[in-house]
*Asks:* 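Handing you a structure now.
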Amino acid sequence: MRNLRLLKSLRCSELQGPGTPQCFSVRTDTGTVLIASEYSVTELDPRAGQVMNEVSLTAERYLPEDGSGTVVGIQDLPDQESVCVATATGDVILYNLSTSQLECVGSVNSGLSAMSWSPDQELVTLTTGQDTIIMMTKNFEPIIEVGIHQDDFGEGKFITVGWGKKETQFHGSEGKHAAQKKTIEVQPAMSWDDRRPRVTWRGDGQLFAVSSVCPQTGARKVRVWNRECVLQSTSETVNGLEQSLCWKPSGSLIAATQRHPNKHSVVFMEKNGLLHGDFTLPFGKEQVKVKALLWNSDSTVLAVWLEDMIREEGGQVNTYIQLWTVGNYHWYLKQSLYFGTDPQRAPADVSWDPERPLRLHLVTRGWASLTYDWGWSTDRSHGVDGQDNANVAVIDGGSNMVAPPTCVVPPPMCAYELQLPAPVNLVTFHRQPQRTNELAALTADGHILVYGQGGPPEALRFRSITHAPQLKTTYRVLLDQEEPLALRLLLWLRGDVFLGVGGCAEGPSQCTLLILGPSEAQSPQSTLEIKSRVELEGHVISMCHSSDTGTVALQLEDGRIRKFLWDSLKPSVVGWQDATGYSINFPDPCVQTALCTIEKEHLLGLTDRSHLFVDDTEVASNVSSFVVYDDFLLLTTHSHTCRCLRLSTLTVKGLQVALAADGGQNDQNDETLRRVERGSRIVTVVPQDTRLILQMPRGNLETIHHRALVLAQLRKCLDSQKFREAFECMRKLRINLNLIYDHNPKVFLESVETFLRQLDSINHINLFLTELKEEDTTTTMYPYPSNATGQSAPGACGKKVDIVCDALRCTMESMDQHKYCLSILTSHVKKTVPELEVALQKVHELRVNPPGAANAVSAEEALKYLMFLVNVNELYEHSLGTYDFDLVLMVAEKSQKDPKEYLPFLNMLKTLEPNYQRYTIDKHLKRYRKALHHLSKCGEEHFTEALNLVKDQRLYSEALGLYPTDSPQYKALSCAYAEYLVEQQQAEQAGLLLWRCGEAVRALQAFVGSASWRNALCVAEQIPLPPDQLALLARDLAEKLIELRRYTEAAILLEQYAKDCEEAISALITGAVWEEALRLVYLYNRQDIIETNLKPALLEACSSQTSYLEAQRAMFIRHKTRLAVVRELKEKARLELLDEDVPDCPEAELYSEASSVMSGSRAGSKYSHSNSRISSRSSKNRRKAERKKLSLKEGTPLEDMALLHALAEIIHSVDKMREEVHSLLKGLMLFQFDGQAGRLQQAYGEALQMMEVALPEVWQEGLQQSPITGPNSTANSIMASFQQPRPSSTQDSETPPPPKMRNGVKWKLSILK
């Protein structure tokens, strides 16, 4: 779908060399042209227009002085800084361009007919007058000489497997008569054939082909030879084969021409000599002869050089050059260059540039050098309104194929084809809104044909998707230039005003902008004349126009950008500037440009190296194609994605950031990105639609609906409340229908009636209801772009599905409940808690009272639809839950249930009392709470059944609310509940239940079992218990409390209820409650206990605390020292591994936090896989495995983590002793144990200070930081992060936080200082 556009043409005609040019070669390093004539070799610089070197070939008698000599080949040799020339007399001449020395490196007595160098310039082949091939090295050392005409086929000769004779084989469509076919006599070569061999090399230099005239038959044959000059294959007999020959550089096809009885074709051969495809030249069978075929270097364009065979009256002939391309196995004639009949303007030789694939060089017989630079372009209409058909024009010679997206068919098929009288060189579409379907075509004979949108044909037997434009006007363009392509760029601005760029420029850095308009002079044919002419320094290689602003932007060959003020009184060219007045240019020339608005107007440019620029800022470097449509930028990338970005929500910097994230997988719901087939290119976008047309590398077209375009169109429709259009689009493109509500919930709820009236289809409404879900699609599936201004408005409070169902149901019931009956049922069923009973009741009402409306739905249809929505068994159960047996029967009859299954059950239910009947139904449906409620109304005779139901289903709380508190049923339920609570280890709550229902004895047992001594004593007093039993109860409770280490509460029981002060004091001393014990000693005057129990207990506690502190302190120091050693070993091992340049160890960089301790050997290697299978175990086993992993054993992988955990536990345990040590110090000081108290206070203080000082060392700053890695990191930043000192750890979650010490708790005694 792309055309060839002439970007730049350069003409140099000021020089006149000796003789007539015969052939030339292009010097790629300097850009000059080496031209050989019958007298000399001339080096010409086309840009400067001057001769750089010239050497005579007649002075050294290599060519005769009378001008009858012929140069058969010339080749630039950059490695040798020389040019090689071969003459027909047999001399091979080497001319050194730096020293200007001329040397004959070889001579063939029989003469030479052709010379061809291999693509790598390591070999040269010469064909001699004796029909032999001489192969030499680049130093002209002969390798081999063989004859051209070989009787053998070659090494690639076909093998016959002996499957019968030709007469017995199947001949396909040729039929059985093919077996009797006679051998056709071979026709000799054409009379105008020069009989000279033609040599062509394959692009890789491994094979070359030679076309020569066979001496036996007089016809041409093509033979393929390898690099060692060994014959590989010989072509089949091809009648009419002509002299032109060229091997496709990047393929296996050899191009030649063949003249058929009824046509003239370019044919292709494989390397085995068999024909493989062809295309027909647009001339008569005896009209032209092909002088040469030339492939460009990337094999995309085939140039055909032709000349008329029939001379005109003056004996002159026309000369043509045609450029052909192929797509989807069809050959397109993209450009036709007419050189007229003047022999001085006719090309003497034509050649493609070796390095620039689309640069064509030619030299005329009049010593004019022409250079054409071509570029690819897609000619599409640029309208943004719905009337634009998104036409794409494809040039194919005199045919202009137009393919609107309403008819996406594989090329070369198209919607319609415009036949023009001459080949087309340029196509442009009208830029004026409402007229963008009109197009103008510039033909090779200098006419512009204007086509406008025509009406449908008068007689159409079939429905037509689109109508072909009709020819409105044919203009003759009045230009002074006589060379081909007088206009190389063309824009149709408005009305009959065209903007063009003049064809060939005489100077190296100047061109002419032409504004063309209708001539005011009266003439029989409409004429376009030059209205304004603007000279410009530099060559314009692209033009683009914005229909919104009227801006015309020009790009020069060096990337400079200019603005053309064409609509002023005096057209002029000014620089492209930013808001500050700074001149802006492209860093590199771009092959495609377009104007867009990103806050302000910018020029987009895409280079042939896939770099995308916005003015002078590069925003992407992997773009293969782009198009600007309305407010969107659509582009394809080499990572096989298609991006669609809304420009109004972006800045240039934001666009650069968005394109830098191409191909990321972080957000699966990114609407701007879509994966496409490898090599896809954008053709066009359909205005006011969601379709994007892509062309695949093989040439076929595909239509995709890019999500960004789809969502933008949907949001526009929903904002304008075009619900039906949005619904159809979402249904067709499988967009979740929740977006209709989620886009703007408030507006939707206000426009429910409009929504229903526009859809006007029960099926569509039901489809919308069934797709509803609680998910907000504007935040999950279809989030708004990050910079988008429009966001989803908040909806009503509550569950979304319920809100929408209720709103639609209320509106449908108010509009026509009979028409929307099925949708109303759907709204009930679709709610988060399905209202199946309500839906079934509505169906039942339809059956009892059938509606008489014409659009009403019968009960059978409604029930059938309901069974489609809900499982029939579930529906049967819910119908049974309505307690309406008519409804149950109606559902059962429509189901597949056997009547023997449900009729006995229903009959049994009908015989039961109503409440018990409902209980039975609810129990059958496992609705136990409802069943209990109905059973509680059935009387006392069913209480036992109710109690069993309560116990089975544990409905104690619900059952207690159904009976009076003073009833025996309430008491029985309370006792049952208490038994259940005791089983659940909740004896205290069980005692409360028993106590309040009057079961004091059982309550006392429950309180005693739960050690709730206060409640137990209250119940004991309420019973009441005798004093001796009360004392015994108190002693039992005290023993339980002492077991639970609740010494103070046990002392209260022993003192107040058991009346045993000595036991109470002993309990307090055991619990280290020194002050309370001392109080009771003096209260009951038992000072003897001080000497016997209290003082020894104080000294023992002091000794045990001191020993415990020493042990904890020693363990802390040992763990802290080991931790430092472990960290040092890991750091040393990490640095050693980083210093090693081991290519097969990619994890070396991340060694610091995921490796084992390295000491001599890899000490922790045996633990590397020990815990790899702990994935689906129980929580107990996981904790056990976690403890095993954090082992304090030396050399384990996580020893440092285990040490940190151990140190944290030591600090916590020591810090908790503050209150206990404070109380002990007071007791020791009171009884004058000052020495012991001082030592304890000093030891505890030193332990706390040591741990507090060690905290920063053990828990170093940045301990929980991980290496800075990720997509935004560089090698330097990662290495810098590794150089920071930090301890080794595997995961942040395993690193314990540093413990906090309670320094605010006062524990010291100042009197001990």
Side-chain angles (χ1 to χ4, degrees), residues 1 378-393 402-408 415-416 427-440 450-456 464-470 472 491-499 543-553 567 594-598 601 604 626-634 644-649 682-694 703-726 728-729 732-733 790:
M1 304 293 284
T378 302
D379 295 315
R380 60 176 75 91
S381 56
H382 297 273
V384 295
D385 52 16
Q387 296 182 1
D388 186 271
N389 293 334
N391 294 317
V392 179
V402 182
T406 51
C407 181
V408 178
Y416 46 82
V427 175
T428 180
F429 283 90
H430 206 300
R431 300 288 176 144
Q432 194 170 347
Q434 310 300 322
R435 296 181 61 185
T436 53
N437 291 323
E438 301 179 10
L439 63 89
V450 177
Y451 289 83
Q453 195 67 36
S464 177
I465 297 177
T466 184
H467 306 296
Q470 304 296 318
K472 300 297 184 182
L491 276 181
W492 190 358
L493 297 176
R494 68 181 180 193
D496 295 326
V497 178
F498 295 86
L499 172 62
M543 299 190 300
C544 58
H545 173 262
S546 171
S547 57
D548 296 332
T549 61
T551 303
V552 173
D567 208 13
L595 287 165
C596 69
T597 301
I598 308 176
E601 194 169 34
L604 294 175
F626 80 93
V627 66
V628 176
Y629 158 66
D630 195 14
D631 192 26
F632 292 95
L633 170 64
L634 294 103
C644 181
L645 302 168
R646 185 182 282 272
L647 297 177
S648 60
T649 64
I682 295 176
V683 176
T684 188
V685 185
V686 182
Q688 302 301 318
D689 204 331
T690 62
R691 286 173 290 172
L692 173 65
I693 314 300
L694 301 176
T703 301
I704 67 170
H705 297 265
H706 200 289
R707 175 168 285 187
L709 293 177
V710 172
L711 293 179
Q713 186 75 8
L714 289 176
R715 289 165 184 153
K716 189 184 300 183
C717 292
L718 293 174
D719 289 336
S720 57
Q721 296 189 10
K722 297 179 180 178
F723 294 110
R724 181 174 181 80
E725 185 177 341
E728 293 293 344
C729 179
K732 180 175 67 174
L733 301 179

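Keep in mind that what you see is a predicted model, and the values were worked out from it rather than measured. Keep in mind that the numbers below use all heavy atoms, side chains included, and drop hydrogens, waters and symmetry copies.
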*Asks:* Would you please name every residue forming a side chain to side chain contact (heavy atoms under 4.5 Å, CB included) with E438, sequence neighbours left out?
*Replies:* H430, R435, W492
*Asks:* Quick one: side-chain hydrogen bond (donor to acceptor under 3.5 Å, both in side chains) partners of E601, sequence neighbours excluded?
*Replies:* T549, T551
*Asks:* What residues, two or more places apart in sequence or in another chain, satisfy side chain to side chain contact (heavy atoms under 4.5 Å, CB included) together with D631?
*Replies:* R646, L647, S648
*Asks:* How long is the straight-line distance from CG of D689 back to OH of Y629, given to the nearest 0.5 Å?
*Replies:* 8.0 Å
*Asks:* At what distance, to the nearest 0.5 angstrom, does OH of Y451 lie from CG of N391?
*Replies:* 14.0 Å
*Asks:* Can you name the salt bridge (Lys or Arg N to Asp or Glu O under 4.0 Å) partners of E728, sequence neighbours left out?
*Replies:* R724
*Asks:* Mark yes or no for whether Q721, through its side chain, and D719, through its backbone, hold a donor-acceptor pair below 3.5 Å.
*Replies:* no
*Asks:* Going by side-chain hydrogen bond (donor to acceptor under 3.5 Å, both in side chains), name the residues that satisfy it together with D567, two or more places apart in sequence or in a different chain.
*Replies:* R494
*Asks:* Residues in ring-ring contact (aromatic ring centres under 6.0 Å, His included) with F723, at least two apart?
*Replies:* F755
*Asks:* May I have the step-by-step check of side chain to side chain contact (heavy atoms under 4.5 Å, CB included) for L604 and L595, ending in yes or no?
*Replies:* CA-CA 6 Å; L604 294 175; L595 287 165; over 6 Å; no
*Asks:* If you round to the nearest 0.5 Å, how far is CZ of F498 from CG of L493?
*Replies:* 9.0 Å
*Asks:* Test of understanding: with side-chain hydrogen bond (donor to acceptor under 3.5 Å, both in side chains), list the residues that count as partners of D388, not counting sequence neighbours.
*Replies:* S381, T436
*Asks:* To the closest 0.5 Å, what do you measure between CZ (R431) and OG (S546)?
*Replies:* 9.5 Å
*Asks:* So do the side chains of L499 and V552 get within less than 4.5 Å of each other, counting heavy atoms only?
*Replies:* yes
*Asks:* In Å, rounded to the nearest 0.5 Å, how long is the span from NE2 of H382 to OG1 of T684?
*Replies:* 8.5 Å
*Asks:* I'd like to check the salt bridge (Lys or Arg N to Asp or Glu O under 4.0 Å) partners of R380; sequence neighbours left out, ordered by chain and number.
*Replies:* none
*Asks:* Taking the side chain as every heavy atom from C-beta outward, state whether L709 and L634 have any atom pair closer than 4.5 Å.
*Replies:* yes
*Asks:* Listed by chain and number, what are the salt bridge (Lys or Arg N to Asp or Glu O under 4.0 Å) partners of D385, not counting sequence neighbours?
*Replies:* none
*Asks:* Could you give the distance from CD1 (I682) to CD1 (I693), rounded to the nearest 0.5 Å?
*Replies:* 11.0 Å
*Asks:* Between F626 and L633, is any pair of side-chain heavy atoms under 4.5 Å apart?
*Replies:* yes
*Asks:* What's the verdict on side chain to side chain contact (heavy atoms under 4.5 Å, CB included) for V392 and T378, showing C-alpha distance, side-chain angles and the deciding distance?
*Replies:* CA-CA 7 Å; V392 179; T378 302; 4.1 Å; yes
*Asks:* Looking only at heavy atoms, what is the nearest atom pair of G383 and P687, with distance?
*Replies:* O-CG, 3.2 Å
*Asks:* Excluding sequence neighbours, so at least two apart, what forms salt bridge (Lys or Arg N to Asp or Glu O under 4.0 Å) with D630?
*Replies:* none
*Asks:* Not counting sequence neighbours, which residues clear side-chain hydrogen bond (donor to acceptor under 3.5 Å, both in side chains) with T428? List them please.
*Replies:* none
*Asks:* Please tabulate, for the side chains in residues 710-717, all donor-acceptor contacts under 3.5 angstrom to protein atoms that are two or more places apart in sequence or on a different chain.
*Replies:*
residue, atom, partner, partner atom, Å
R715, NH1, E671, OE2, 3.4
R715, NH2, E671, OE1, 3.1

